[in-house]
Amino acid sequence: MTDIPSKLLNRPLVLIGLMGAGKTTIGKKIADLLSIPFIDSDKEIETTAGCSIADIFEQYGEEEFRRVENQVIQRLLDQAPLILATGGGAYMHPETRKTLKEKATTLWLHCDLETLFKRVSKNTNRPLLNVDNKKEILSSLMKKRYPVYAEADIVVECKDKDIDTTINLVISALENSSKMHILPITLSKNHYDVIIGSDILQQCGTLILPLLKQKKVFILADQTVADLHLDKLIHSLDLVHVNYEVILLPPGEKTKSFQYYEKVTHTLLEKGVERNSTILAFGGGVAGDLAGFSAATVLRGVPFIQIPTTLLSQVDSSVGGKTGINTSVGKNLLGAFYQPEAVLADTKILDTLPQRELQAGYAEIVKAGLINDPELFKWCEKNGKKVISKEHACLAKAIEMACQFKARIIQNDEYEQQSTGRNLLNLGHSLGHTLEAELGYDGRLLHGEAVALGCCLIFKLCTQMGICPEKDTQRVIHHFESVNLPVTIKRLPQPIRASNLLNHLKHDKKSQNNKITFILVNGIGKAFTSQDVSEKQLYNLLIEDGCIQD
């Protein structure tokens with residue numbers, strides 16, 4: 001009936017929340033569904049003490065009750081699998097909370113005031129509610145306890161729903177949580193996690209809360225993404241009492257500019273950004289690059305978190321710490337290496353991504369295989385159509401493999417200092433960027449499409465140079481064609497002059513000693529750097545592939 005992997009049930013599941021949240025009722029039913037034991041900590045405390053909780057409060061006070069409660073919970077947590085329902089104040093006890101974080105998965109059943117009051121208004125068995133003004137007491141408890149409950153691993157908003165609906169919400173949250181893939185990125189001075197899963201946005205507040213130095217964030221959001229998903233992000237922050245300011249950005253590559261960099265940094269300063277404030281980059285690669293560069297430079301650096309919303313940004317620009325803006329001379333020529341605090345990649349958010357954008361993002365996954373992972377390329381040949389059909393399991397697997405590949409590269413060459421390191425990630429980019437620049441970054445050629453075409457051009461060039469087998473080049477071309485990505489200049493929306501592309505190449509940021517560093521290939525998975533490509537070879541390649549001859 002459920003699809004919760006056993007790894008989740010290897011730790012006790014502890015339900016927390018105020019009285020009336022339904023911890024016991026829901027806990028029992030979920031325990032029955034999973035065929036594991038359920039224990040109510042209050043019942044165990046009464047058995048241990050030999051008297052009721054009300055009597056303990058009355059005779060010994062709350063401090064003694066919390067001491068006994070802590071001892072009982074510590075003992076119960078040695079049992080697994082187990083579902084444990086705790087009293088409303090248990091998680092407020094620092095030692096108990098520390099133990100729960102170390103030994104259990106905690107799930108907060110979040111209820112609003114009206115729901116709780118409706119459920120407990122006639123209850124006379126709760127010492128804290130044996131008063132006339134129950135609603136005021138509940139409201140006071142919520143203000144005090146909810147910011148602490150927000151530290152739970154999972155939050156499920158119950159509201160006044162029937163028990164079966166709430167149970168389904170809990171089961172769904174547990175399934176999504178247990179299926180999250182956490183990929184650690186460890187660099188010389190930084191460590192952060194890339195978290196991949198379905199419906200992560202719903203738990204975003206819970207996931208980022210431990211990373212925040214203060215409970216206020218600045219959301220830099222792509223307007224198109226905001227229209228679709230910002231409400232869910234904001235709601236997740238509201239649940240864990242994180243304040244926020246929203247700065248909206250127009251969609252499109254032209255937003256990565258001096259103009260918008262100035263607007264964003266000015267707005268951040270005007271709204272009171274501090275060095276402990278965190279910026280959330282919410283959108284595709286444009287929002288991520290601009291937000292990251294703004295975070296790297298405003299107040300000489302503030303923390304930021306990537307919440308990429310396109311496949312391209314989830315597998316490429318959000319991981320690795322490259323940030324920047326474009327100039328009139330070329331793309332990404334101003335920027336900084338600045339690592340995020342975390343990357344949250346939600347596969348469900350890709351359901352609203354236009355098909356063409358998804359295909360463009362997929363090009364970066366294929367590129368990873370072409371660089372030095374032939375097994376990844378084979379996987380793409382077998383599963384590529386499933387990925388661009390938005391099959392969530394395949395999407396998550398593709399994102400994870402691409403991020404693992406990139407992690408291996410950047411962990412050994414964070415600042416792109418080695419010819420056999422991070423520089424290899426630029427396969428297809430030099431020629432791809434020139435094509436984007438020639439078309440004015442106007443959306444006729446998306447970045448991922450340009451990368452796919454750039455990779456095809458490099459494979460064709462290397463075959464012409466006699467260093468790459470023709471069969472490998474044909475495999476690459478065939479695969480990109482099979483997922484509707486461009487493979488030749490002839491099919492671009494307007495004629496392009498070869499001389500214009502060569503002029504753009506002269507401003508490539510990878511140029512050294514007036515010579516362009518290209519990523520060439522000896523075959524699939526055999527990329528290397530080289531400056532031994534002549535202008536004549538490039539010109540002939542471009543003419544043969546469809547450029548206009550001068």
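Here the straight-line distance linking atom CG of Leu187 with atom CG of Asn412 works out to 10.0 Å at 0.5 Å rounding.
Aromatic ring centres of Trp108 and Tyr91: separated by at least 6.0 Å. Centroid-to-centroid, the aromatic rings of Tyr261 and Phe293 come within less than 6.0 Å. Ring-centre distance between Phe282 and His229: not below the 6.0 Å cut-off.
Residues Asn332 and Lys322 have side chains that never bring a donor and an acceptor to within less than 3.5 angstrom of each other. Defined by atom type and a distance below 3.5 Å, a donor-acceptor pair is present between the side-chain atoms of Gln223 and Asp227. Remark: the Thr310 side chain and the Ser313 side chain contain an N/O donor-acceptor pair separated by less than 3.5 Å. Under 3.5 Å, the side chains of Asp112 and Thr115 contain a donor-acceptor pair of N or O atoms.
The environment of Gln74 atom CD is dense: over 12 non-hydrogen atoms of other residues, nucleotides or ligands sit within 6.0 angstrom. Under a cut-off of 6.0 angstrom, the local environment of CD in Gln59 is crowded, with over 12 non-hydrogen atoms contributed by other residues, nucleotides or ligands. No more than 12 heavy atoms of other residues, nucleotides or ligands lie within 6.0 Å of NZ in Lys98, so this atom counts as exposed by the packing criterion.
For Lys386 and Glu391, the salt-bridge test fails: no basic side-chain N is under 4.0 Å from an acidic carboxylate O. One finds a salt bridge joining Arg75 and Glu44 here, because a Lys/Arg side-chain nitrogen approaches an Asp/Glu carboxylate oxygen to under 4.0 Å. Ionic pairing of Glu151 and Lys101 is present here: one or more N-O contacts between side-chain nitrogen and carboxylate oxygen are shorter than 4.0 angstrom. Salt bridge annotation for Asp40-Lys23: absent, with no cationic side-chain nitrogen under 4.0 angstrom from a carboxylate oxygen. Under the 4.0 Å criterion applied to side-chain N and carboxylate O atoms, Arg66 and Glu69 are assigned as salt-bridge partners. Salt bridge status for Lys406 with Asp316: present, with a side-chain N to carboxylate O gap under 4.0 Å. Between Glu64 and Arg67, at least one side-chain N (NZ, or NE/NH1/NH2) sits under 4.0 Å from a carboxylate O, which counts as a salt bridge.
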- prompt: Given the rule in the ring pair (Phe, Tyr, Trp, His ring centres under 6.0 Å) test, do Tyr146 and His110 qualify, once you have shown the distances and angles that lead to the verdict?
  reply: CA-CA 8 Å; Tyr146 275 22; His110 181 289; 5.0 Å; yes
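Residue Ala152 comes nearest to Ile16 through the heavy atom pair CB-CD1, 3.8 Å, listed as atom of the first residue, atom of the second, then distance. The two atoms that bring Leu299 and Val273 nearest to each other are CD1-O, 3.4 Å, heavy atoms only.
A donor-acceptor pair is defined here as one N or O able to donate and one able to accept, closer than 3.5 Å; no such pair exists between the side chain of Arg145 and the backbone of Leu18. The backbone N or O of Leu82 sits nowhere less than 3.5 Å from a side-chain atom of Arg11 that would complete a donor-acceptor pair.
Classification of the Phe65-Phe57 ring pair by plane angle, with boundaries at 30° and 60°, yields tilted.
Cation-pi check for Lys135 over Phe117 is met; the charged atom lies under 6.0 angstrom from the ring centroid and within 45 degrees of its normal.
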